[in-house]
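Along the sequence shown, residues carry numbers from 1. No experiment lies behind these values; they were computed from the predicted model shown. We count ligands from 1, going down the list as the structure has it; atoms in each ligand are counted the same way.
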Amino acid sequence: MLAAMLQSSTIRDLKSHVTGIRPAGQDVSIISMPCPEIAATARPGNFVNIKVSSSDQPLLRRPFCIHNVEGETIEVMVKNVGRGTAMLCEASCGDNLLVLGPLGNAFGTDPGEFDTALLVSGGIGTAPMRFLETTLAAQGTPFANLVGGRSRTDLLTAGLSNVSTATDDGSEGFHGNVVQLLDRHLATETDGQRIKVFACGPNPMLKALANFCKERGLACELSLESIMGCGIGICYGCMVELKNADGEKESILLCREGPVIDGTRFTA
Ligand SMILES: Cc1cc2nc3c(=O)[nH]c(=O)nc-3n(C[C@H](O)[C@H](O)[C@H](O)COP(=O)(O)OP(=O)(O)OC[C@H]3O[C@@H](n4cnc5c(N)ncnc54)[C@H](O)[C@@H]3O)c2cc1C
C-alpha cells in the first residue's frame with residue numbers, strides 16, 4: 001500500500017541523515033536533513049514522519065511539522081518530550097534517518113483571500129511558522145507573528161521576524177495569553193484590513209482562539225496535533241473529533257484531512 005501511494009503522489013520515503021543540529025530554546029532543537037524531493041514539493045503546514053533510529057526502538061515514526069526549507073534541506077524544530085524526540089534532540093551529524101513526506105495538507109496562503117496574515121503560536125506550536133512566514137514574504141503578503149508561552153523561557157521565536165510575544169507570567173512581552181495579545185493587536189494594528197489567522201499550539205489555546213475568531217468573523221486556520229502512527233491514513237491512530245459545516249460532530253483522520261483545519265470546526 002505504501003509503495004502504491006508513493007508512486008501516485010509526491011510523497012517520498014527518503015534515506016537521509018542529520019547534517020546540523022542547533023538549540024532553539026529550553027529542551028528544543030532544530031535539526032537539518034537533506035531531503036531534495038520533499039523540499040521540492042513541501043508547502044507550509046505539511047509535516048514529515050521520521051524514523052529516528054535504525055533499530056526497532058522506537059518502532060513507530062514520529063511526526064514533525066516542516067519548520068524550514070533551505071534548498072534541498074528541510075529542518076524540523078523538536079521539543080524533547082519522550083524517547084523519540086530525545087533521540088532526535090541528542091542526535092549527531094551523520095546519524096541516519098528515514099523521512100516520509102511531505103504529508104498532510106497545507107495552510108491556505110492564496111494572497112487573493114486576505115491582506116494581512118497573523119501567525120499565532122504557543123510553545124512548540126511555533127514550529128511551522130518559519131516556513132509559513134517565508135512563503136508569505138515571498139509572495140509579498142504582510143504578516144506578523146504573535147508568540148505565546150507560559151514564561152520567557154518557553155518562548156520559541158527562532159528564525160521568525162516581526163514578532164510580538166506574550167507570557168502568562170508577564171516575564172516578557174505582553175502580560176497575558178496570546179489570544180489576548182491578538183485582541184490588542186487587532187485593535188491597534190490592523191484597521192480595515194482583511195485578516196487571516198494561522199495558528200498552532202496546545203489544544204486549549206487553539207480552542208480559545210477558534211472561538212475568538214468565530215465571534216469576530218475572522219478567517220482562521222489551525223494546525224492540530226494528535227497521537228499519530230503511520231501518517232498516511234492506514235493505522236487510524238490519529239482520529240480527532242471536529243464539527244462539520246452543520247455544527248454536528250464528525251471524526252477525521254488528522255494525517256489525511258489535516259493537520260490544518262478551518263478554525264470553525266474546532267469551536268466549542
Ligand atoms: C502533525 C503533527 C506535527 C507535529 N509537529 C511537531 C513539531 O514540529 N515539533 C515537535 O516537537 N513535535 C511535533 N509533534 C508532536 C510530536 O510528534 C510528539 O511530541 C512526538 O511524537 C513524541 O514522541 P516521543 O517518542 O518523544 O514521545 P513518547 O515517548 O511517544 O511520548 C511522550 C509523551 O508525549 C505524548 N505524545 C506523543 N505524541 C504526541 C503528540 N502528537 N501530541 C501530543 N503529545 C504526544 C505521549 O502521550 C507521552 O505523554 C507533532 C505531532 C503531529 C501529529
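- Distances from atom 4 (C) of ligand 1 to the heavy atoms of C89, C255, P63 put P63 nearest.
- Counting protein heavy atoms only, atom 27 (O) of ligand 1 is closest to G82 CA, 3.6 Å.
- Looking at G84, C65, P128, S226, it is S226 that brings a heavy atom closest to atom 53 (C) of ligand 1.
- Less than 4.0 angstrom separates atom 18 (C) of ligand 1 from none of the non-hydrogen atoms of the protein.
- Note that atom 31 (O) of ligand 1 has no protein non-hydrogen atoms nearby, at separations under 4.0 angstrom.
- Seen from the ring of F266, K243 does not count as a face-on cation partner, given the 6.0 Å and 45° thresholds.
- Residue I227 holds the heavy atom nearest to atom 46 (C) of ligand 1 of all those in I227, L254, D27.
- Close approach to V78 involves these atoms of ligand 1, each under 4.0 Å from a residue heavy atom: 11 (O).
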Could you check E90 against N80 for side-chain contact (heavy atoms from CB on, under 4.5 Å), going step by step and ending with a plain yes or no? CA-CA 9 Å; E90 289 155 15; N80 182 346; 3.9 Å; yes
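- V178 pairs in a side chain to side chain contact (heavy atoms under 4.5 Å, CB included) with only one of the listed residues (T167, L209, L146), which is L146.
- No donor-acceptor distance shorter than 3.5 angstrom exists from the side chain of N96 to the backbone of K15, with no hydrogens or angles considered.
- No single ILVMFWY cluster, assembled from side-chain heavy atoms under 4.5 Å apart, contains both L155 and L181.
- When N203, I66, L88, T85 are ranked by how near their heavy atoms come to atom 20 (C) of ligand 1, first place goes to T85.
- Taking both residues in full, the closest heavy atoms of G84 and P58 are given as CA-CG, 4.2 Å, listed atom of the first, atom of the second, then distance.
- Ligand 1 is never approached by V76 to a heavy-atom distance shorter than 4.0 Å.
- Between F114 and F143, a ring centre-to-centre spacing not shorter than 6.0 Å is recorded.
- Contacts of M228 with ligand 1, taken as heavy-atom pairs under 4.0 Å, involve the side chain alone.
- Of all atoms in ligand 1, listed by their number and element, those nearer than 4.0 Å to a heavy atom of A127 are 8 (O).
- The proximity of M77 to ligand 1, defined as any non-hydrogen pair under 4.0 Å, is limited to the backbone.
- Counting all heavy atoms, side chain and backbone alike, V99 lies closest to S16 at CG2-CB, 4.0 Å.
- Ranking protein heavy atoms by distance to atom 11 (O) of ligand 1, first place goes to K79 N, 2.8 Å.
- In this structure, the protein non-hydrogen atom closest to atom 42 (N) of ligand 1 is E225 OE1, 3.0 Å.
- The presence of a protein heavy atom under 4.0 Å from atom 48 (C) of ligand 1 is ruled out.
- Atom 23 (O) of ligand 1 has its closest protein heavy atom at R62 NE, 3.1 Å.
- Between R194 and E113 there is no salt bridge, since no side-chain nitrogen of the basic residue lies less than 4.0 Å from a carboxylate oxygen of the acidic one.
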Full working for salt bridge (Lys or Arg N to Asp or Glu O under 4.0 Å) between R61 and D13: CA-CA 12 Å; R61 297 178 188 233; D13 195 14; 3.0 Å; yes
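- Annotation: atom 33 (C) of ligand 1 to nearest protein heavy atom, V81 O, 4.0 Å.
- At least one donor-acceptor pair under 3.5 Å links the side chain of S171 to the backbone N or O of R152.
- Within ligand 1, counting atoms from 1 as listed, the ones closer than 4.0 Å to a heavy atom of I124 are 9 (N), 10 (C), 11 (O).
- Within a 6.0 Å radius of CZ in R43, other residues, nucleotides and ligands contribute 12 heavy atoms or fewer.
- Heavy-atom proximity to R83, at under 4.0 Å, picks out these atoms of ligand 1: 24 (P), 25 (O), 26 (O), 29 (O).
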